[in-house]
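Contents: one structure, followed by commentary.
In what follows, every heavy atom counts, from backbone to side chain, and hydrogens, waters and symmetry copies are set aside. All of these numbers come straight from a predicted model, not from anything done at the bench.
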Amino acid sequence: METKGPVEELGALAHALVHEQRDEERRLGAIIEEQSLRLRKAEGLTWSPVQIQKQDYTFGGWVRLKLEKGSNGGLDDAFRSGTPVHFYQANEGGQPADPSAVLRGIVRKISRGSAEVILDGAPLSSADLHERWTLDERADDRSYRVMGAALNHWINTEDPLECALRDALLGSSRASLLSTLGDLPSSLSGSIEDSSETLGDLNAQQRSWVLHAESVDQFAVLHGPPGTGKTTTVLAFVDRAIRRGERVLLCAPSNAAVDLLVKGCVEREISVIRLGHPMRMDDSVFEWGVDAQVERQGNFKQVKAFRKRAELAWKAANKFHRTFGAAERAERKENRIEARSLGAEASALENYIAERLIRNAPVVCATLVGSADQILKGQSFDWVVIDEAAQAMQPAAWIPIRKGKRVILAGDPMQLPPVVKSDEAIRAGLEVSLLERAMGRSSEESGTLPHRMLTHQYRMHPEIMMPASKLFYQGLLQSADLDIAHRCQDPAFQFIDTAGCGFDEERIEGSHSTINAEEAQFVVARMLELLERHPKMTVGVIAPYRAQAEILDRIWKAQGADIGGISTDRENQIACSTVDAFQGQERDIIVISLTRSNAAGEIGFLKEYRRINVAMTRAKHHLLMIGDGATVGQDAFFESLLSQAESQGAYRSAWEWMQ
């Protein structure tokens, strides 16, 4: 089959992106417009009813609503931070009573039935604050527009340096990659000892990669499996770059991953500015956000004065009048014009201050889509560094690259891939990240392990590491500390087989999610046993299906209520959620509920083995997997996992507890 050139390949991705966007819009549209309110809530796409607890303003003058979900209002974790939403008053059918009055916003925070939403527009009237509302997820059309524009740029660019970088990243020219991390380039091998000030906390492999990356002309790739210090290595590279007087645009696909990079920069005392909507940032990094840094500038007092006057004008415009005639209507119009004018003046001055800060910043952090912010227009960087690059759709990765002279891609293609839902888009290659493409392989098609991989891991007990190493990394992972303390008196790894126990799965009506209530009861019982033996350890309970995670969460809270309630500390100690929510995290103990149990051996979502890898490698001291071996064992991957458990003496039958 004829190999596509870089331009043809990017063109195919552009078509795939269109398929993905249309599929997402159709999916959300069909569910929200055609499905009942009950099913939409079960799918995690809707909250209804919702009450407004408070309306106020944030940095930048955005309107913030603090919301409370009513009884049976939907799944607690239906939305994530950064989710775009529609906000409206619904009719009896659960649809907007007035389609022209639908408001747009962004979820700032979500926590157990309460949320903060940032509205895109004017504040609500005092009467609106007392209405019952509905909150729906909506398609993020801006991200698609920005990704499409990036692909269009790289398809049509005639700049020789950009063409060379594009072709190198797509494997059409000689790639600047180190073949292994075991050997240093001869020109650099004498430089390690001279770099102890900035590389002293890195191991030999990590040092080797940093020195190599500094020598490349176009790009370098770092493959970092779980616990191997990938982000630590990346930040050491960034530290050295700014010490040389270079500028770095530091990116990641998600807001959570960017926040971790900001924290890492702060710990290293690297001067950093975090771009992005202030309501998409974690509170712990808020003070490094561009809005917060702008506020600390002396001339921000004038911005605050403009905003205060605008707020007063909005209040005057929304003032209740017992009689409302032509004079009152004219006064309201005048107040609204004044409010908008004052707001525009405040924003113009704020943007001026922000642009000045950005020009002088050595490190700018942003999501991939966030790097398209107008505030970076005309800015250039010596390096564009993308962490967690394996999770990013390739079109998103191309967004920041146009702003840099050289590129660093860091990630692990054996963990969560880009989220692509369109089958047509997957066939066209949209699920293959730029990291995989730059490595010259697809993790799903190639049986060989890529080089440039860190192999010394610091997180997991060796018995936990072993299954993941054998199944995903060709046995190359090794414990950096062979004397790692085993704080858990239980074996580090166990697989409990529930075959024959009658724990049958159920499909939720009108939903793509699957539950196994009896397995959930068994999982929580084992979790509570572990907590009784290890009361101070943190625990993560992971399920591949959101509905199963919800059931697990409800059961363990009910169990806690039966034994005298759950303290705040205990609630923070234990988390029940899906694999995606645990990406990038770790816990002392991880318990996995595989959920699937049926005579046909159908495992559905479990076929995405990389998700299993993520779930397994979150554990530090104890990993407990629970599932129906007769069902999952019909799959070759899980058959290997069960065999690995048996070879480690980690296999047990649930009948030991059933009797």
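- Counting only distance, with no hydrogens or angles, the side chain of Glu436 and the backbone of Ser433 share a donor-acceptor pair below 3.5 Å.
- Using a 4.0 Å cut-off between charged nitrogen and carboxylate oxygen, Lys263 and Asp259 do not count as a salt-bridge pair.
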Does the pair Leu530 and Val591 meet the rule for a side-chain contact (heavy atoms from CB on, under 4.5 Å), with working shown?
-> CA-CA 10 Å; Leu530 287 166; Val591 183; 4.1 Å; yes
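- Under the 3.5 Å distance criterion, with hydrogens and angles disregarded, no donor-acceptor pair is assigned to the side chains of Trp209 and Gln205.
- With respect to the salt-bridge test (charged N to carboxylate O, under 4.0 angstrom), the residues Asp412 and Arg610 do not qualify.
- Glu388 places no side-chain N or O within 3.5 Å of a backbone atom of Ala252 that could act as its donor or acceptor partner.
- Within the model, atoms NE2 of His621 and CE of Met460 stand 12.0 Å from one another, a figure rounded to the nearest 0.5 Å.
- Rounding to the nearest 0.5 Å places CD of Gln391 at 10.5 Å from CG of Leu368.
- A donor-acceptor pair under 3.5 Å links the side-chain atoms of Arg618 to the main chain of Val614, judged by distance alone.
- Here the side chain of Glu602 pairs no donor or acceptor atom with the backbone of Gly604 at under 3.5 angstrom.
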Walk me through it: do Phe495 and Phe638 pass the test ring pair (Phe, Tyr, Trp, His ring centres under 6.0 Å)?
-> CA-CA 11 Å; Phe495 188 107; Phe638 284 99; 8.1 Å; no
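- The minimum heavy-atom distance between Arg240 and Leu211, with the atom names listed, is NH2-CD2, 3.4 Å.
- The main-chain N or O of Cys501 is never found under 3.5 Å from a side-chain atom of Thr498 such that the two would form a donor-acceptor pair.
- Counting heavy atoms from C-beta outward, Met414 and Pro225 have side chains that stay 4.5 Å or more apart.
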I would like to know whether Ile408 and Phe219 meet side-chain contact (heavy atoms from CB on, under 4.5 Å); could you show each step before the answer?
-> CA-CA 6 Å; Ile408 299 296; Phe219 76 99; over 6 Å; no
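- For Tyr651 and Phe493, the ring centers are positioned 6.0 Å apart or more.
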Test Met393 against Leu434 for side-chain contact (heavy atoms from CB on, under 4.5 Å), laying out the working first.
-> CA-CA 8 Å; Met393 275 199 284; Leu434 185 59; over 6 Å; no
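- Considering only heavy atoms from C-beta on, Leu199 comes within 4.5 Å of Val210 through its side chain.
- Taking a cutoff of 4.0 Å between a charged side-chain nitrogen and a carboxylate oxygen, Lys536 and Asp588 do not qualify as a salt bridge.
- One distance of note links CD1 of Ile626 with CG of Asn516; it measures 11.0 Å at 0.5 Å rounding.
- Summarising the geometry of Gln206 relative to Asp201, their closest heavy-atom pair is OE1-O, 4.5 Å, with the distance given to 0.1 Å.
- Side-chain polar atoms of Thr83 and Glu137 form no donor-acceptor pair below 3.5 angstrom.
- Taking every heavy atom of both residues into account, Ala168 and Gln218 meet most closely at CB-OE1, 3.2 Å.
- Using a 4.5 Å cut-off on side-chain heavy atoms (C-beta onward), Leu169 and Ile401 make contact.
- Salt bridge present: Glu505 and Arg596 bring a charged side-chain N and a carboxylate O closer than 4.0 Å.
- Both tests hold for Arg526 against Phe522: distance to the six-membered ring centre under 6.0 Å, angle to the ring axis within 45°.
- By the side-chain hydrogen bond (donor to acceptor under 3.5 Å, both in side chains) test, Glu646 pairs with no residue at all, sequence neighbours left out.
- Put simply, the side chain of Ile555 does not reach to within 4.5 Å of the side chain of Val523, judged on heavy atoms.
- Of all the heavy atoms in Leu552 and Ala543, the pair that sits closest is CD1-CB, 4.0 Å.
- Between Ile590 atom CD1 and Phe582 atom CZ the span is 5.0 Å, to the nearest 0.5 Å.
- The pair Lys421-Glu20 fails the salt-bridge criterion, with no side-chain N (NZ, NE, NH1 or NH2) lying under 4.0 Å from an Asp/Glu carboxylate O.
- Applying the salt bridge (Lys or Arg N to Asp or Glu O under 4.0 Å) test to residues at least two apart or on different chains, the pairs with a partner in residues 647-659 are Arg652-Glu656.
- In this structure, Arg546 CZ and Asp580 CG are separated by 9.0 Å, a value rounded to the nearest 0.5 Å.
- A donor-acceptor pair under 3.5 Å is formed between the side chain of Arg459 and the backbone N or O of Thr617.
- When side chains are defined from C-beta on, Pro544 does not count as touching Leu594, because their heavy atoms never get closer than 4.5 Å.
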Test salt bridge (Lys or Arg N to Asp or Glu O under 4.0 Å) on Lys557 and Asp553 and set out the steps.
-> CA-CA 6 Å; Lys557 287 175 182 173; Asp553 193 52; 2.7 Å; yes
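- With sequence neighbours left out, Glu550 forms a side-chain hydrogen bond (donor to acceptor under 3.5 Å, both in side chains) with no residue at all.
- Within the 4.5 Å cutoff, the side chain of Asn613 has heavy atoms near those of the Tyr473 side chain.
- At least one donor-acceptor pair under 3.5 Å links the side chain of Gln634 to the backbone N or O of Ala630.
- The heavy-atom pair separating Gly633 from Glu639 by the smallest distance is O-CB, 3.6 Å.
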Step-by-step side-chain contact (heavy atoms from CB on, under 4.5 Å) determination, His456 to Thr228 | CA-CA 6 Å; His456 299 299; Thr228 56; 6.0 Å; no
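- Remark: the backbone N or O of Met466 is not paired with any side-chain donor or acceptor of Ser469 at under 3.5 angstrom.
- Between the side chains of Thr631 and Asn598, no donor N or O sits under 3.5 Å from an acceptor N or O.
- Inter-residue side-chain proximity for Asp628 and Phe503 is flagged as unmet; no heavy-atom pair is nearer than 4.5 Å.
- The heavy-atom pair separating His461 from Ala492 by the smallest distance is ND1-CB, 3.4 Å.
- Residues His223 and Leu454 have side chains not in contact (no heavy-atom distance under 4.5 Å, counting atoms from C-beta outward).
- Taking CG of Leu260 as the start and SG of Cys265 as the end, the distance is 11.0 Å to the nearest 0.5 Å.
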